[in-house]
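Notes follow the structure.
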Amino acid sequence: MKDQLRLAIRAALKQCYTDGSLTSGEFPKEVQLEIPKNSEHGDFSTNLAMTLAKPERKAPRKIAETLVAALQGNSLCDKIEIAGPGFINFRLIATCWYKVLDQIMQQDETYGYSQVGAGKKIQVEFVSANPTGPLHIGHGRGAVVGDAVAAVLQAAGFEVQREYYINDAGNQILTLGRSILLRLRELQGEIVEFPEDGYQAAYIVDLAAKYRSEQGELNDVTEAEAIELCSRFGIVEILKWIEADLKSFGIHFDHWFSEQNLYDQGMVDQELLKLKEKGLSFEEDGALWLRTTDYGDDKDRVLIKSDGSYTYFASDVAYHMEKFDRGFDQVIDVWGADHHGYIPRMKAMLAGLGHPPEALEVLLIQMVNLHRDGQPYIMGKRSGNFITLKEVIDEVGRDACRFFFLMRRCDSQLDFDLELAKQQSSDNPVYYVQYAHARVCSINRNAAESGIEPLQPGQIDYNRLELTEELALVKQLARFPETVVGAALSYEPHRIIFYLQDLAAQFHSYYNRHRVLVDDPATTRARLCLVNSVRIVLANALQMLGMSAPERM
RNA sequence: GCGCCAGUAGCUCAGUUGGAUAGAGCAACGGACUUCUAAUCCGUAGGCCGAGGGUUCGAAUCCUUCCUGGCGUGCCA
């Protein structure tokens, strides 16, 4: 709809240039069309005349008049007006809008999906929590946002890969193995001193017990081998937990990428060599450094420490180079906001190796503050009230959980109230949206009971939809595809959540004011078509974001 | 000190990437179930968009200087 109008405006502008009524020959890269907040200003509005004021050296309103004259007689609009400082406001013919309903009924579960990203490969790497413990609430937000970003991109036609990077190398893995081993020795009756920097949590004891019952005791191996065995066992078990949690959230990854594998394949050394050959790295104080300050970082960064071990940055360099080798046009990393200091060095590394820094987009996920009944819920790792993601999902349910995580822009902090999220009341926006869907389904059941036949394309008389609320609903439905595209291109899935709430509100209001099933069959059919279009859009949006669209509530 | 993010109604937040009179949900107050599900709707009230300066036809949005909160600033992960 919008695109058609945009084309018409472009054509009009071109005509003005050829007939000489406008002279600058200036063509904006894109004709800006917006939906005015105030519906009296029409369906769409453009500021074109104002942007042309400077090159044309004429008053905006004069230019607008010229453009409007050229636009007369096109088949889309029934009213074109000049307003304010030079806006051109368009009101489309109602029958134009009603075509959207045909489109929705016809496309059904594919309505809202597009091909704007066709041919582009994007990778979204998210969660990537260390396999040293269960996922917590903060991981949950990153998981849902990452998954939703991926889903929205897919809906816009991009080829998307979801990837989980497993940090299964390095110090914390040693600590994990050591911690399990010590607990295992305890179970074997030894008295051990548990170090401060070990993992204290109870699940380590569980892992030790499981090791003991499945693998037996560890007596005839060296310390190093024992730690190694425990680490590997722990990683596998914990990854099983993580995968199960994510699965209960409806999230699955296309690819699990092991850091250790990067080392085993020699890729880290290979990439470090490349950096050296390009003269980007240097040795100092017995360590190997990357000169990231050449590309805007405020400090150079260590790749290999003076004791010969690698930093995480070293494997991250190799990992990201490997991502681009796989042919992605865009790589998205979803990180906790506390890692933001890492971005400059990553971008510097990419620039040094000849990749445009924009090819990596880092989405920072701000903190989640847990609340219960309005009171902050303090989580100490030491204290007993540490709450895992699994417990949250079990308590509030998958749909509510996902909805709450998507309700905010990801770079603003999120207050998550456990009581509110599980409340099945009007305070809870999840049910508000789902209820709208269930209501349409209920109308359909009633329609079927009273013998109304299923809708046939072509037998619907849209002129029966003459109420202003009905036209407004149709316009809202027409906005869904562009909302999805906008959410995809800006990596902002929360836009769809707000769209859903707006649509549900409009529907509930309409439902309360007017009956769908009325005496007149033609009106009934037209209204059934309208509310079912609402149902389809609600279902598509919910489904896209991994939530259910219940038929009854 | 430096860097990143945020600051919009009493609370939690949107604001279509610079557009017209700044919006929604809670909370408050007053109404609507004999009618397709009241997990709903209708109405009232609520604002110096943190503060100052700048850019222009036009700023919550862009540039700048401050103020407040969070996070970061390791040869930690």
Side-chain angles (χ1 to χ4, degrees), chain A residues 32-38 40-41 45-47 50-51 53-54 59-60 83-87 89 130 132 167 170-173 175 197 284-289 297-299 301-313 336-344 364 366-367 369 371 374 407-415 417 420 423-436 438-447 449-450 479 482-483 486 489-490 494-495 497-499 501-502 504-505 507-518 524 527-528 531 552-553:
Chain A
Q32 286 183 44
L33 264 189
E34 61 160 27
I35 299 170
K37 282 175 236 170
N38 188 338
E40 285 170 27
H41 294 140
S45 167
T46 182
N47 60 356
M50 282 129 93
T51 59
K54 210 169 247 175
F87 291 104
N89 296 334
N130 289 343
T132 55
N167 287 113
N171 253 325
Q172 89 281 2
I173 294 303
T175 306
D197 62 352
E284 194 176 289
D285 302 330
L288 183 71
W289 298 71
D297 199 2
D298 28 72
K299 261 189 80 172
R301 305 296 174 176
V302 172
L303 293 162
I304 302 180
K305 300 181 238 175
S306 52
D307 67 0
S309 63
Y310 295 83
T311 62
Y312 265 70
F313 185 44
D338 51 341
H339 288 73
H340 72 255
Y342 225 74
I343 297 176
L364 294 175
Q366 282 290 346
M367 279 177 31
N369 301 308
H371 292 254
M407 260 189 334
R408 303 266 174 272
R409 264 195 3 245
C410 68
D411 50 11
S412 83
Q413 295 191 10
L414 171 69
D415 290 324
D417 195 303
L420 177 59
Q423 236 173 68
Q424 306 210 348
S425 77
S426 53
D427 290 348
N428 195 329
V430 195
Y431 299 110
Y432 182 82
V433 172
Q434 291 181 327
Y435 185 48
R439 270 184 153 172
V440 180
C441 294
S442 172
I443 295 173
N444 286 340
R445 284 190 296 270
N446 285 305
E449 255 175 52
S450 37
R479 295 182 67 174
E482 67 204 61
T483 303
L489 297 180
S490 59
H494 76 274
R495 293 190 190 191
I497 293 288
F498 281 92
Y499 174 84
Q501 297 189 91
D502 287 345
F507 169 75
H508 282 309
S509 175
Y510 174 67
Y511 178 95
N512 258 272
R513 212 191 286 259
H514 307 287
R515 281 186 63 85
V516 172
L517 308 176
V518 290
T524 297
R527 290 185 176 175
L528 270 174
V531 296
R552 284 171 209 275
M553 287 174 76

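Not measured: the values here are computed from a predicted model. Worth knowing before you read on, the calculation uses all heavy atoms, side chains too, and leaves out hydrogens, waters and symmetry mates. Below, chain A is the first sequence line, B the second, and so on; all start at residue 1.
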**Request:** Calculate the interatomic distance between M50(A) atom CE and A59(B) atom P; express it in whole Å.
**Result:**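 In whole Å, A59(B) P and M50(A) CE are 11 Å from each other.
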
**Request:** Would you mind reading off the distance between Y499(A) atom OH and A24(B) atom P, rounded to a whole angstrom?
**Result:**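 In whole Å, A24(B) P lies 18 Å from Y499(A) OH.
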
**Prompt:** Looking only at atom P, what distance separates C67(B) and U12(B), rounded to whole Å?
**Reply:**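 Pairwise P distance, C67(B) against U12(B), rounds to 24 Å.
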
For [X], side-chain contact (heavy atoms from CB on, under 4.5 Å) partners two or more places apart:
{"X": "P344(A)", "value": "D297(A)"}
{"X": "A337(A)", "value": "L364(A), Q366(A)"}
{"X": "S490(A)", "value": "E492(A), R495(A)"}
{"X": "N369(A)", "value": "M367(A), H371(A), Q413(A), D415(A)"}

Side chain to side chain donor-acceptor pair (under 3.5 Å) partners for [X], two or more places apart:
{"X": "R513(A)", "result": "E469(A)"}
{"X": "H508(A)", "result": "R439(A)"}
{"X": "D307(A)", "result": "S309(A)"}
{"X": "D411(A)", "result": "R409(A)"}

**Request:** Just say parallel, tilted or perpendicular for the rings of H514(A) and Y510(A), cut-offs at 30° and 60°.
**Result:**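 Ring orientation of H514(A) relative to Y510(A): tilted.
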
**Asked** Does any N or O donor sit under 3.5 Å from an N or O acceptor when you compare the side chain of N47(A) with the base of A20(B)?
**Response**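 No, the side chain and the base share no sub-3.5 Å donor-acceptor pair.
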
Using OP1 and OP2 only, check whether a side-chain N or O of [X] sits under 4.0 Å from [N].
{"X": "K37(A)", "N": "A20(B)", "value": "yes"}
{"X": "R439(A)", "N": "A38(B)", "value": "yes"}
{"X": "T51(A)", "N": "C57(B)", "value": "no"}
{"X": "Y435(A)", "N": "A39(B)", "value": "yes"}
{"X": "Y432(A)", "N": "A24(B)", "value": "no"}

Side chain of [X]: nearest nucleotide among [options]?
{"X": "R409(A)", "options": "A6(B), U40(B), C36(B)", "result": "A6(B)"}
{"X": "H494(A)", "options": "C76(B), A39(B), A14(B)", "result": "A14(B)"}
{"X": "M553(A)", "options": "A20(B), U37(B), A6(B)", "result": "U37(B)"}

**Message:** As a check on the pairing definition, encode RNA chain B in dot-bracket form, counting Watson-Crick and G-U wobble pairs whose two distances are under 3.5 Å, and using | for partners outside this strand.
**Reply:** (((((((..((((.....[...)))).(((((.......))))).....(((((..]....))))))))))))....

Sort me out a list of protein N/O and nucleotides 42-50 of chain B N/O pairs below 3.5 Å, or just none if empty.
{"unit_1": "C42(B)", "atom_1": "OP1", "unit_2": "S509(A)", "atom_2": "OG", "d": "2.9"}

I'd like a list of close polar pairs between nucleotides 33-35 of chain B and the protein, N/O only, cut-off under 3.5 Å.
{"unit_1": "U35(B)", "atom_1": "O2'", "unit_2": "R515(A)", "atom_2": "NH1", "d": "2.6"}

**Message:** Generate the contact string for nucleotides 67-75 of chain B. Rules: B means base contact, S means sugar-phosphate contact only, - means no protein heavy atom under 4.0 Å.
**Reply:** ---SBS-SB

